[in-house]
Amino acid sequence: MSIIYNEIQPSNINSTQKISYKQGNPIVNFLIGTQPHLLDAGSVRISGDISFFKDSNKTKPTTADQLGIDEKLAIYSIFEKITITSQRSRQVIESVNHYGRFLASYLPQINSKSDKFTHGNTLGCALPNYETQKRGLVDFPATEHGSRFCLNIPTGFLSSGNMIPLSANSLGGCEISLNLAPDSQVLYAQNGSTAGLTDAFYELSNLRLHCELIVPQSQTDLPPQGQLT
């Protein structure tokens, strides 16, 4: 078998290449089209840039502004719901509501503090302390790209270890939809005062879905038809 490394842009991206809940883009869709290949579900990653602003003029927050984000979830805070759908039948394969609540219990069980400092910080901009999380992510100096991340998406379907057939006589491709959480659920005032922070929001750019596609060489490489575990 050979491997194709695939990179996909959101199918509903706007002309500015910027996505945020505040600006009316609450859902991001990635479409993995119909093709005679197998999707390695465990290889799916979402990458992009994220920036935080304290008002509609896109003013970057400072330490004095007390604008923070949950240090347990970090970038994962922005996802409210994950839905995976068959492109051919439009049947919902999996839908995870209240995604942040699920990850708040799940992530601490599979990661140690040292994990947070290493790959958790590199991939998801996570740090185990609320103040370092604020200064390292929310107060990140104004740059062209903001803070960069590359996340796996833990769900039953994507963490199953299955090779997903994308051919027309099976799923016919699949669509992964990410519902973004409202800004008020992602960001909070560390001192309890929202003065000057009522318009604070986050903004995403350069979003991509990365995955590995397996090219089967024979029928023996294909998974059994009719059921996914």
Side-chain angles (χ1 to χ4, degrees), residues 5-35 37-51 69-70 73-107 123-125 148-168 170-187 201-213 228-229:
Y5 299 97
N6 204 12
E7 181 179 298
I8 301 170
Q9 286 186 324
S11 58
N12 61 335
I13 197 169
N14 56 32
S15 59
T16 65
Q17 302 287 307
K18 306 288 186 181
I19 298 174
S20 69
Y21 190 96
K22 181 181 181 65
Q23 296 169 348
N25 305 108
I27 302 177
V28 183
N29 297 322
F30 293 97
L31 180 61
I32 305 174
T34 305
Q35 51 197 296
H37 301 145
L38 304 174
L39 169 66
D40 183 353
S43 69
V44 174
R45 299 289 187 273
I46 304 295
S47 71
D49 307 333
I50 186 169
S51 299
I69 190 172
D70 185 83
L73 297 177
I75 303 294
Y76 282 117
S77 299
I78 69 174
F79 300 128
E80 184 178 50
K81 179 181 178 181
I82 309 292
T83 305
I84 302 173
T85 309
S86 167
Q87 182 188 1
R88 179 176 64 85
S89 66
R90 304 310 301 167
Q91 180 179 4
V92 175
I93 301 170
E94 181 178 24
S95 182
V96 185
N97 297 311
H98 310 296
Y99 193 59
R101 289 188 180 184
F102 157 62
L103 291 182
S105 300
Y106 174 73
L107 292 178
L123 302 180
C125 303
R148 290 177 168 163
F149 61 90
C150 184
L151 300 169
N152 69 315
I153 305 295
T155 73
F157 181 74
L158 296 179
S159 302
S160 64
N162 284 322
M163 295 296 174
I164 312 300
L166 300 174
S167 58
S170 55
L171 286 185
C174 69
E175 184 176 65
I176 300 176
S177 298
L178 309 175
N179 288 51
L180 300 181
D183 303 294
S184 58
Q185 293 184 17
V186 176
L187 302 169
F201 70 101
Y202 64 91
E203 183 179 75
L204 302 168
S205 60
N206 299 320
L207 283 182
R208 299 289 188 274
L209 182 144
H210 308 268
C211 60
E212 295 180 5
L213 302 176
L228 292 174
T229 302

Worked check of side chain to side chain contact (heavy atoms under 4.5 Å, CB included) between I176 and I153: CA-CA 10 Å; I176 300 176; I153 305 295; 5.9 Å; no
Closest non-hydrogen atom pair, F149 against C125: CB-SG, 4.3 Å
Side-chain (S89) to main-chain (S86) donor-acceptor, under 3.5 angstrom: no
Step-by-step side chain to side chain contact (heavy atoms under 4.5 Å, CB included) determination, C174 to L39: CA-CA 10 Å; C174 69; L39 169 66; 4.2 Å; yes
For I78 against V186, the heavy-atom pair lying closest together: CA-CG2, 4.0 Å
Heavy-atom pair of closest approach, residues L103 and P154: CD2-CG, 4.1 Å
Test item: L171 and I93 side chains (from C-beta on) under 4.5 Å apart, heavy atoms: yes
Nearest-0.5 Å distance that lies between atom CZ in F201 and atom OG in S184: 14.0 Å
Pairs flagged by side-chain hydrogen bond (donor to acceptor under 3.5 Å, both in side chains) wherever residues 92-102 is involved - sequence neighbours left out: E94-T155
Lys/Arg N to Asp/Glu carboxylate O, R90 vs E175, below 4.0 Å: yes
Worked verdict on Y202 versus I75 for side chain to side chain contact (heavy atoms under 4.5 Å, CB included): CA-CA 10 Å; Y202 64 91; I75 303 294; over 6 Å; no
Any T83 side-chain heavy atom under 4.5 Å of I27 side chain: no
D40 side-chain N/O to C211 backbone N/O, donor-acceptor pair under 3.5 Å: no
Separation between CG of L207 and CD1 of I8, rounded to the nearest 0.5 Å: 13.0 Å
From CG (L180) to OG (S20), nearest 0.5 Å: 8.5 Å
N/O donor-acceptor pair under 3.5 Å between R208 side chain and S47 backbone: no
Side chain to side chain contact (heavy atoms under 4.5 Å, CB included) assessment of F79 paired with N179: CA-CA 6 Å; F79 300 128; N179 288 51; over 6 Å; no
Under the side chain to side chain contact (heavy atoms under 4.5 Å, CB included) test, residues paired with R148 that sit two or more places apart: D49, H145
Which donor-acceptor pairs under 3.5 Å do the side chains of residues 28-35 make with protein atoms, sequence neighbours left out?
unit_1, atom_1, unit_2, atom_2, d
N29, OD1, S177, OG, 2.7
T34, OG1, G172, O, 2.6
Q35, OE1, H37, ND1, 3.0
Q35, NE2, G33, O, 3.0

Which atom of P165 lies closest to which atom of L38, heavy atoms considered: CA-CD2, 3.6 Å
Test item: S77 side-chain N/O and A74 main-chain N/O as donor-acceptor pair under 3.5 Å: yes
Close side-chain approach of L158 and I82, heavy atoms under 4.5 Å: no
